[in-house]
Structure formats: C-alpha cells, structure tokens
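Structure first, then comments.
Per chain, numbering begins at 1; letters A, B, ... match sequence-line order.
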Amino acid sequence: SHNYHFGLEDHEGISELFDCD
Amino acid sequence: PPQTPIRAAMTSIQQLRGELISTGDQPSTNLDKYFKNCTVDPTQDVLKRLETLEQTFSQRFGQAVGPRCVILGKQRFTLGVRLYYKVMEEMLKSEEKRLSVQNFSKLLNDSTFHTSLMACALEVVMATYGESSFKTGGYNPGGDDPAEADVCFPWILDVFRLSAFDFYKVIESFIKAEPTLSKDIVKHLETCENLIMERIAWRTGSPLFELLKQEHEGGAAEQVETPAMCY
C-alpha cells in the first residue's frame, strides 16, 4: 500500500487522542 | 485491457462494496458486545446520531450535487455506515489488545469520536466514487455530475460541523484498522491530513489555539512552582 507514515507510538492510540485513556 | 481512470474507479468501487457486503447495516455481535461492556451503553445514542447524520448528509449532498441526487447521498451514507461499524470494531479490538481493557465507555459515549469516524468513512466512500478528490475539485453547485460537484474535502467537515482537529485524530487509526484500503485512498487520507496540518487547523475559531494556550499556561505554571528543578 501507499507508504503512509504511521506516527503514533505504541503507547498512543485512539483512546489517548480522545482523552479516554 | 488498459486500466483507464473509469475502469480503475469501477474496480475500487467494486472492491469497497465487496469488502462491505458481509458487514451489515447494524453493529455486529462483537461490536454489540463492546457496547454492552460499557458503563453507559451507547447503542441508542449511536443509532439516533446516525439517523440525524444521514438526514444532514443526504440533504447537503443533494444541495451540492443536484436535487435528484439525495437518494445517491443516502446510498453513500449506507456504505459509509458499514465501513464505520467495521473500522470501529477493528479499532476497539486493537485498543483492547494494547490496553487490556474491555470497557470503552468514555470513548464510545464521545459524540465527537463517532462523528469524526463517520465523516472519515464517508470521505473514503466519496473518494472511492471519485466525488471527493484533489484533482478535479471544481466548484459546480447544482451540476448533476457528482464527479464535478463540490463535495471535496473539507466539505464533509462543514456538513457535520466537525473541527478539522477532531477529524485529524481518527485518520491514522482508521488506516491502521482497515488495511484493505487502496493505495489511492490512503494517499487521499494523507492529503487530508496534510491539508489540515498546513492550513485548515490554523483557521480562526479552531480549537487548536485554545488547547495551545492551555498547554502554554500549564507549562508556565509548572515553571513557577519548581524554579530549582530547572537548574
């Protein structure tokens, strides 16, 4: 696939991005 | 036979529809389990929100593309809902693995999360149909040719009154959760990201400025409290 640059670290995910961690 | 743009678009559309055939128009058993695991069950809010978003989206799609295309908007939305449910389930599976958590009540009761995820799913559907692209994108209100109408990004943000900052949050997780996305669609979402980073997120009224101010004030307060630490 298109070499998309994944920037999130292992300890980051959708929960952290929406302050639900 | 040569891969013409029309044939390429048809292939992408068939691939998307094929991917979503098995995904129903309702939450799967797995997704329903995640909803039921929540301290506050979000199911009714999710369904009500989708009804509202469908009305809004199909009306605005008809206004942008042409009054006879409201039904087209509903068809796009139906595909979008299947993709929304599918990606949400995959996101929750990877969060469950990463965090060893099964109760996502806060996230699944966050309306902004759901609206952002639904907007991203619709952006993928419209990009697949060639309606949201960064090539043509000509402004053509009322024109009956969907490919020429102005439903190009960031149109969807205005339709759902969604801040670019919040939409940006779901993009990477969306791509990670749906590895079957075609190269062109991944590139399209990446262009959306760049547009947000470079321009849209910095427009007047963006929540980013308030967050940066809070961050700055928070940082300044810390410095005052522990001056010795800084040496």
Side-chain angles (χ1 to χ4, degrees), chain A, chain B residues 34 38-39 42 87-117 120 165-194 197 207 211 214:
Chain A
S1 72
H2 171 67
N3 42 15
Y4 176 82
H5 170 67
F6 290 96
L8 292 174
E9 308 278 345
D10 292 343
H11 62 278
E12 292 170 323
I14 201 77
S15 301
E16 284 76 16
L17 291 173
F18 282 91
D19 301 326
C20 302
D21 53 328
Chain B
Y34 282 117
C38 291
T39 317
V87 171
M88 190 190 322
E89 184 176 337
E90 290 308 317
M91 279 182 176
L92 295 172
K93 276 182 195 165
S94 72
E95 287 294 90
E96 179 181 5
K97 213 162 119 199
R98 184 174 71 86
L99 301 169
S100 312
V101 158
Q102 287 177 341
N103 181 343
F104 295 103
S105 197
K106 195 163 184 238
L107 180 67
L108 294 177
N109 281 283
D110 183 337
S111 181
T112 306
F113 163 70
H114 287 284
T115 308
S116 300
L117 188 56
C120 196
F165 177 73
D166 286 320
F167 180 83
Y168 184 95
K169 293 177 185 175
V170 298
I171 295 176
E172 176 165 337
S173 300
F174 194 105
I175 293 171
K176 206 176 268 185
E178 187 60 12
T180 62
L181 291 176
S182 72
K183 184 178 66 172
D184 289 338
I185 294 302
V186 173
K187 205 184 285 183
H188 178 85
L189 290 176
E190 192 170 38
T191 307
C192 293
E193 268 189 334
N194 295 338
M197 283 283 277
L211 286 163
Q214 286 167 17

Greatest number of non-hydrogen atom pairs under 4.5 angstrom with chain A, of B:L107, B:V101, B:T112, falls to B:L107
Identify which of B:K176, B:E95, B:R98 forms the greatest number of heavy-atom pairs closer than 4.5 Å to chain A.
B:R98
Please look at [X] and chain A and tell me whether the side chain, the backbone, both or neither of the residue comes under 4.5 angstrom of a heavy atom of that chain.
X      : result
B:V170 : both
B:E172 : both
B:S116 : side chain
B:Y168 : neither

Can you tell if the side chain of B:E96 reaches within under 4.5 Å of the side chain of B:Y34, non-hydrogen atoms only?
yes
What do the steps show when you test B:S173 against A:L8 for side chain to side chain contact (heavy atoms under 4.5 Å, CB included), and what is the final call?
CA-CA 9 Å; B:S173 300; A:L8 292 174; 4.0 Å; yes
Under the 3.5 angstrom rule, does the side chain of A:E16 hit a backbone N or O of A:G13 as a donor-acceptor pair?
yes
Side chain B:K106, main chain A:D19, donor-acceptor under 3.5 Å:
yes
Rounded to the nearest 0.5 Å, how far does NE2 of B:H188 lie from OG1 of B:T191?
7.0 Å
